[in-house]
Amino acid sequence: MTDAEVHDVLVIGAGIIGISSALALQKAGRKVLVLDRPTDIRRASDMNAGAFAFTDIVPLATPGIMRKAPKWLLDPLGPLSVPPAYALPIAPWMLRFWRASWPDRYQASLSAQASLMQVSQAALDRQTGDVGGADLFQRDGQMQLYEGDREFQASLPGWELRKEHGIRFELLENPDAIAAVQPGLDRRFTHAAYTPDWTNTCDPARWLAHLTSTFTARNGRIGEGDVVALRPGENTVGVETRSGSYEAKQVVVAAGAWSHHLAHGLGDRIPLETERGYNTTLPAGAFELKTHLTFSGHGFVVTRINGGVRVGGAVELGGLRLKPNYKRADILLNKAKRFLPGLKSEGGSQWMGFRPSLPDSLPVIDRSSKDRRIIYAFGHGHLGLTQSAGTAELVAHLAGETPAPIDMSAFSARRF
C-alpha cells in the first residue's frame, strides 16, 4: 500500500520524544503525521521511573569511570553489566565511552547537558501550560542515599558542580535527618542529598497518553508503520515501511533504540547502543513513599507510580535481541526490601525495556548530514522523559530554520 499524500512533517516514533516533537511542530503551525511500530510491548516511554531529573547534569562517562567498570562488568547481576554474548558487539561503543570520560570531553558533555537541562525544564513548564495535565504531576523532591562517609565524600564534587549550575539541594549527614524526609529507611544510609525541586509524573504512561490525545484532538494523525528506510528525493523524502510508503516534506527520526538503523541507511553512522533497564511495579500500599529515592551505589531508584511503588534501574548493555534476564529485576527488588524493611514486595509486575544511549550521555538533535530535511532526535539514555519537552522545541527550531536558544554543536550527528 502506498500513501499518495505528501505530508508536511512525518515523525517516526510515538514515544515521549516523538509525540512531544509532534506537539511542538503542531504548535508552530505544521501539519504532522506520526508513524509508530506495531507492537504490544510496553516501551520505556510508558514504563520508566517517571522522573524529570533536571538535576542529573553529570554524564555517565566520568573521569576514572573505567577503573570501576571492570568490577561491575564481571558481575552479571551488578549495576552495570554486559552479557558475554554481547561483549564483542559492544566493544567499539565502550571504547568511545572511555574516550568520553577523558577530562576534555567530560567537561564539554557536562556543559552541554546542563544547557539542555535548563532548556528542558523551562520547556516542560511551557508544555504543561499548553496541554494541561497538572494532576499528573507530583512534586515530592528526590533523595540520593549514601552508605557511610566515604561514599558521601566521593559524591561531593558532583554536588559542587550542581551548585555551580544553580541547582538547589540540602546535604543530610545523619540517619535522623534522612528519616525526617523519608521514614522507614535502613540506618545503613548515613548520608544523603535532597533536591526539593525534583518533579515526577504520577505515571509516565498516563502522561504520554495525555500528550498523545492532545495531539490527536488538535488534528494530528497517528498511523501504524514499521519504517525500514528513508529515501531522499528531489522534492520530498520517501518513508518506506514494511506495509507501504509515504512522502513528506520533512521527517523527524525519534524511534528510540531503533533510530540509528535508519540513520545508517542514509550514511550517518551514529554509535547508538541499548541500555536494557529492568523494573518491578508494586501495587498501592506497598510502602508509604514520601520522595523519589536514588540508591546511587547500587544503580537503582524507588519511585511512586499511581500510589504504588516502582523499583528499577541498573544498566545491561545487551542490545535489542537478547532475551530479558529478569533475575536483574529480582536482585533490585530484594535490595529494595533490605533497604526499606517495611516494603511489601509481593504482587509486583516485571518489565524490561530499551534506553537508547550514546557514549557521551548526550542525545543527537540535529539534521542528517545527508539531507537537511531529515531531523534526528534520539539517544537520550535515562533522560528521555526529562529532556522530551526541550528536545521537542529544539526540533521545531531545526524544522523551522530558526535559531536555537543554546549551542547545538554538542548534539551534532557528526560528532563521532
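In this text the structure is predicted, and so the values were computed from the model without any measurement.
Formation of a donor-acceptor pair under 3.5 Å by the W351 side chain with backbone atoms of R42 is found in this model. Remark: the backbone N or O of A257 is not paired with any side-chain donor or acceptor of T274 at under 3.5 angstrom. With hydrogens and angles ignored, the 3.5 Å screen pairs a side-chain donor or acceptor of D8 with a backbone N or O of K31. Formation of a donor-acceptor pair under 3.5 Å by the T291 side chain with backbone atoms of Q142 is found in this model.
Relative ring orientation between F300 and H298 is described as perpendicular, the plane-to-plane angle rising above 60° on a 0-90° scale split at 30° and 60°. Below 30°, between 30° and 60°, or above 60°: for W98 and W102 the angle between ring planes is above 60°, a perpendicular geometry. Taking the six-membered ring for Trp and thresholds of 30 and 60 degrees, F339 and F295 have ring planes inclined between 30 and 60 degrees apart.
Residues L116 and P363 meet the side-chain proximity criterion, which asks for heavy atoms closer than 4.5 Å.
Annotation: cation-pi pair R96/W93 absent, no NZ/CZ under 6.0 Å from the ring centroid and within 45° of its normal.
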Passes ring pair (Phe, Tyr, Trp, His ring centres under 6.0 Å), F378 versus W258? Steps please.
CA-CA 9 Å; F378 57 82; W258 291 264; over 10 Å; no
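A salt bridge does not link K327 to D330: none of the charged side-chain nitrogens sits closer than 4.0 Å to a carboxylate oxygen.
With hydrogens and angles left out, the side-chain atoms of R162 and T195 include no donor and acceptor closer than 3.5 Å. A donor-acceptor pair shorter than 3.5 Å cannot be found between the side chains of S120 and Q387.
In terms of heavy-atom proximity, S345 sits nearest to L282 at O-CD2, 3.6 Å.
More than 12 heavy atoms of other residues, nucleotides or ligands sit less than 6.0 Å from atom NZ of K335. Annotation for R415: atom CZ counts as buried by contact number, over 12 foreign heavy atoms lying within 6.0 Å. Atom CD of E288 is surrounded by 12 or fewer heavy atoms from other residues, nucleotides or ligands within 6.0 Å. The number of heavy atoms from other shown groups lying within 6.0 Å of NZ (K290) does not exceed 12.
Rounding to the nearest 0.5 Å places OG1 of T280 at 5.0 Å from CG of L333.
The ring-ring contact (aromatic ring centres under 6.0 Å, His included) check on H380 picks up nothing, with sequence neighbours excluded.
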